[in-house]
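Chain letters run A, B, ... following the sequence lines, proteins first, then strands; residues in each count from 1.
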Number of protein chains: 2
Amino acid sequence: MSTKNKILDAADVLFADKGFNGTSLREITSQANVNLAAVNYHFGSKKELIKAVMSRYMDELSPQLESALALICQAERKPSLQEVFYAFIEPLLKLNEFKENGTSTFLQLLGRGYTDSQGFLRWFLTTQYPDVFTNFTKAVKKAYPELSTEEMFWRLHFTMGTIVFTMSSSEALIDIAQNDFNNQLDIAGVIERVIPYVAAGVAAPITNYN
Amino acid sequence: MSTKNKILDAADVLFADKGFNGTSLREITSQANVNLAAVNYHFGSKKELIKAVMSRYMDELSPQLESALALICQAERKPSLQEVFYAFIEPLLKLNEFKENGTSTFLQLLGRGYTDSQGFLRWFLTTQYPDVFTNFTKAVKKAYPELSTEEMFWRLHFTMGTIVFTMSSSEALIDIAQNDFNNQLDIAGVIERVIPYVAAGVAAPITNYN
DNA sequence: AGCCAGTTTAAACACCCGTTTAAAATAGCG
DNA sequence: CGCTATTTTAAACGGGTGTTTAAACTGGCT
């Protein structure tokens with residue numbers, strides 16, 4: 001395997017686990033069995049490595065996500081909100097074929113990107129992959145047309161927060177479910193449980209604010 | 001003002017903004033106009049300072065929170081989920097009297113505690129202030145008795161994630177609402193919008209998992 | 001074989017971190 | 001005032017960080 005990929009494979013696990021700021025290049029390179037200087041030689045800087053880690057996942061995910069959402073947008077029938085959210089599941093779970101534990105690793109990375117480093121990754125994602133966001137907004141609008149654009153903005157942000165936060169602590173949650181409730185779950189099980197929650201949240205009745 | 005309080009005041013804003021790991025003692029002490037060594041003199045270590053910052057808020061909040069929830073638990077009438085969540089609003093907003101921007105600062109800190117430093121703060125909160133959590137669980141159970149303990153555990157965690165994640169980026173959100181929707185909000189406005197969402201999420205119909 | 005672009009390596013760089021030290025300044029009190 | 005205990009201060013400590021350097025090594029080409 002190429003040095004570049006060895007670095008990427010070691011980096012995304014460590015980044016997901018301990019955050020971008022919490023992971024040093026020395027940890028990454030020793031885990032990957034490559035020289036410390038290799039990161040700067042192949043990627044230029046730590047910041048660029050972070051972008052490369054995210055891009056590798058997004059480039060795999062976004063085409064599938066877009067086509068799944070496009071299918072909903074182009075259909076004649078009005079979709080349910082559950083349907084819209086389930087459109088994410090298959091592409092997300094396919095990341096497990098792309099890389100071992102790919103799904104949870106990616107979602108954890110997404111969470112890290114929102115909280116670490118004062119949101120530069122949020123900027124990176126929304127500018128590099130804007131179509132995913134607009135298609136998602138369209139699909140939700142089709143499923144729940146009464147929702148104003150502003151209200152939808154809020155509820156989609158709440159949804160993003162729920163997913164991202166849940167996934168960034170998914171390992172601990174799976175442990176708790178195992179110990180306290182004797183229920184052995186995997187990442188798909190967590191997703192199954194969060195979808196009804198966020199779908200109901202987005203579908204909440206419209207309230208008037210004073 | 002005492003050196004101790006100068007440090008606490010500077011620390012919680014910086015911690016909320018940039019995370020615990022992302023904030024150095026040198027930043028804190030220079031912001032507070034005190035000597036670098038003062039932190040270790042008055043608090044012992046950085047870790048103890050973090051605990052002190054959180055304790056200052058929790059000691060202010062938890063008694064009010066507990067009594068508000070106890071009121072619901074002791075009432076004869078079955079409460080609605082919205083009611084349970086609204087019980088948080090008043091105590092939380094009172095933190096603004098306790099300290100400028102106290103509400104959002106505290107909620108941001110809560111979010112940091114969940115994602116930074118691999119959850120040692122989560123342990124700190126649940127062991128130091130367990131009554132808040134048990135009272136909350138009781139109140140929700142009273143409002144929605146059909147929900148199993150496990151399902152409730154999941155949904156309350158999702159709720160925590162939504163709140164915490166929303167608040168840790170509340171400033172950016174308020175800016176967007178101002179620019180894109182010409183809607184001037186404060187922290188109370190954000191809370192008003194998130195409550196219907198989480199209440200609907202917790203109230204979601206029970207699904208059977210295969 | 002000789003050459004050379006591409007890659008790897010060990011070492012060093014400059015900087016920031018949390019913590020500790022010991023001396024200096026301050027405040028409280030008999 | 002003079003003594004003591006508390007607090008503040010500047011400086012240093014040991015260690016970790018991302019990045020850079022220049023030399024060594026590779027594999028493929030003529």
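- What separates CD1 of B:Ile50 from C1' of C:dT19 is a distance of 15 Å, to the nearest Å.
- The ring pair (Phe, Tyr, Trp, His ring centres under 6.0 Å) test applied to A:Phe88 returns A:Phe136, not counting sequence neighbours.
- Atom pair A:Lys46:NZ and D:dG16:C1' shows a separation of 12 Å (rounding to whole Å applied).
- Of the side-chain N and O atoms in B:Ser24, one or more sit less than 4.0 angstrom from OP1 or OP2 of C:dC17.
- Judged as a side chain to side chain donor-acceptor pair (under 3.5 Å), and not counting sequence neighbours, B:Asn135 has no contacts.
- Rounded to whole Å, the distance from CD1 on A:Ile7 to P on C:dT9 is 11 Å.
- For A:Ser62, the side chain to side chain contact (heavy atoms under 4.5 Å, CB included) partners two or more places apart in sequence, or in a different chain, are A:Glu66, A:Tyr129, A:Val132.
- At a threshold of 4.0 angstrom between heavy atoms, the contacts of A:Thr23 are confined to the sugar-phosphate backbone, with no base atom among them.
- The distance from atom CG of B:Asn40 to atom P of C:dG18 is 9 Å, rounded to the nearest whole Å.
- Applying the ring pair (Phe, Tyr, Trp, His ring centres under 6.0 Å) rule to B:Tyr41 yields no partners; only residues at least two apart in sequence or on another chain are considered.
- Ring orientation note: the planes of A:Tyr57 and A:Phe106 are tilted relative to one another, at an angle of 30° to 60°.
- When atom types are taken as modelled, the side chain of A:Arg193 and the backbone of B:Arg155 share no donor-acceptor pair closer than 3.5 angstrom.
- Between its opening and closing five pairs, the helix from C:dA1-D:dT30 to C:dG30-D:dC1 changes axis direction by 20°, a value rounded to 10 degrees.
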Sequence-aligned protein contact record of nucleotides 5-14 of chain D, with B where the base is within under 4.0 Å of a protein heavy atom and S where only the sugar-phosphate is:
-SBBBB-B--

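- For the pair A:Phe15 CZ and D:dG18 C1', the interatomic distance rounds to 12 Å; values are reported in whole Å.
- Here D:dG16 presents its P atom at 16 Å from CG of B:Asn21, a figure rounded to the nearest Å.
- Heavy-atom contacts from other residues, nucleotides or ligands closer than 6.0 Å to CD of B:Glu90 number 12 or fewer.
- Residues A:Phe165 and B:Phe165 keep their aromatic ring centres 6.0 Å or farther apart.
- The interatomic distance linking B:Ile28 (CD1) with C:dG18 (P) rounds to 8 Å, in whole Å.
- Closest approach of B:Leu49 to B:Ile28, counting heavy atoms only: CD2-CD1, 4.1 Å.
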